Undergrad: 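Below is the structure I would like to discuss, written out as structure tokens.
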Amino acid sequence: QGHLVESGGGSVEAGGSLRLSCAASGRLLCMGWFRQAPGREREGVATLYSGYGATDYDDSVKGRFTVSQDDANNTLTLQMTRTEPEDTAMYYCAAEARLRLLCTLGAVALSPFRNWGQGTQVTVSS
């Protein structure tokens, strides 16, 4: 399993943008972003299946967030735009080798990733 390190979190005013990055020590077929706000369960934000570029987004971020991968650097990125206070949370990157059909938010909810980063905090002020 690859070692994952997130970066890019911080504070932003509502409507602003942030770019999160997740550096992986190796190429992993299925990668995703998740978040957990205080007092709430962890929720999936987006997944990406490497090679095909297949993505899956939670409805709450569709049209605002974009997940992408830099194959050369084994880096997963989450571009956050039009942020909302409800986006405030600790954001985690996760990854492992999975079949494409199992690299969706629905599938991950049933069978969670085993390889996680340490998280990066995102705070959106109103």
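This structure is a prediction, so every number in the text was calculated from the model and none was measured.
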Undergrad: Would you say that Val67 contacts Leu76 through its side chain, given a criterion of any heavy-atom pair below 4.5 Å between the two side chains?
TA: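 A side-chain contact under 4.5 Å exists here.
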
Undergrad: Filter on salt bridge (Lys or Arg N to Asp or Glu O under 4.0 Å), then keep only pairs touching residues 51-69, sequence neighbours left out; what's left?
TA: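 Sorted pair list: Asp59-Lys62, Arg64-Glu84, Arg64-Asp87.
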
Undergrad: Looking at CZ of Arg114 and CZ of Arg98, how far apart are the two atoms once the value is rounded to the nearest 0.5 Å?
TA: 7.5 Å

Undergrad: Rounded at 0.5 Å granularity, tell me how far CD in Gln121 sits from OG in Ser11.
TA: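 That separation rounds to 8.0 Å.
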
Undergrad: Should Val61 and Tyr91 be counted in the same cluster of Ile, Leu, Val, Met, Phe, Trp and Tyr side chains packed under 4.5 Å apart?
TA: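 Linked, Val61 and Tyr91 end up in one cluster.
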
Undergrad: Give me the atom names and distance for the closest heavy-atom approach of Gly119 to Tyr92.
TA: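 That would be CA-CD2, 3.5 Å.
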
Undergrad: Parallel, tilted or perpendicular, judged at 30° and 60°: which one describes the rings of Tyr49 and Tyr52?
TA: tilted

Undergrad: Let me know which of Ser68, Cys93, Cys22, Ser21 forms a side chain to side chain contact (heavy atoms under 4.5 Å, CB included) with Thr75.
TA: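 Only match with Thr75 under side chain to side chain contact (heavy atoms under 4.5 Å, CB included): Ser21.
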
Undergrad: To the nearest 0.5 Å, what is the distance between CG (Leu29) and CG (Leu48)?
TA: 10.5 Å

Undergrad: Kindly compute the distance separating CG (Leu102) from CZ (Arg100), expressed to the nearest 0.5 Å.
TA: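 Taking CG in Leu102 and CZ in Arg100, the distance rounds to 12.0 Å.
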
Undergrad: Do Thr66 and Tyr57 come close enough that some side-chain heavy atom pair is under 4.5 Å?
TA: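 Thr66 vs Tyr57: side chains touch.
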
Undergrad: Which donor-acceptor pairs under 3.5 Å do the side chains of residues 12-20 make with protein atoms, sequence neighbours left out?
TA:
from: Arg19; atom 1: NH1; to: Gln79; atom 2: OE1; distance (Å): 2.9

Undergrad: With a 3.5 Å cut-off and sequence neighbours excluded, list the donor-acceptor pairs that the side chains of residues 36-46 form with protein atoms.
TA:
from: Gln36; atom 1: NE2; to: Arg40; atom 2: O; distance (Å): 3.1
from: Glu43; atom 1: OE2; to: Arg35; atom 2: NE; distance (Å): 2.6
from: Glu43; atom 1: OE2; to: Arg35; atom 2: NH2; distance (Å): 3.2

Undergrad: Counting distance only, does the side-chain N/O of Thr120 pair as donor-acceptor with the main-chain N or O of Glu6 below 3.5 Å?
TA: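 It does not hold such a pair.
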
Undergrad: Determine whether Trp33 and Phe65 make a side-chain contact, defined as any pair of heavy atoms from C-beta on separated by less than 4.5 Å.
TA: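 Side chain of Trp33 against side chain of Phe65, heavy atoms only: no contact under 4.5 Å found.
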
Undergrad: State, with a plain yes or no, whether a side-chain heavy atom of Asn115 is found less than 4.5 Å away from one of Leu4.
TA: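 In short, these two side chains touch, coming nearer than 4.5 Å.
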
Undergrad: Determine the minimum heavy-atom distance between Ala95 and Met31, stating which atoms define it.
TA: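 The answer is CB-CG, 3.6 Å.
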
Undergrad: Any chance you could measure Thr55, atom OG1, to Gln69, atom CD, to the nearest 0.5 Å?
TA: 12.0 Å

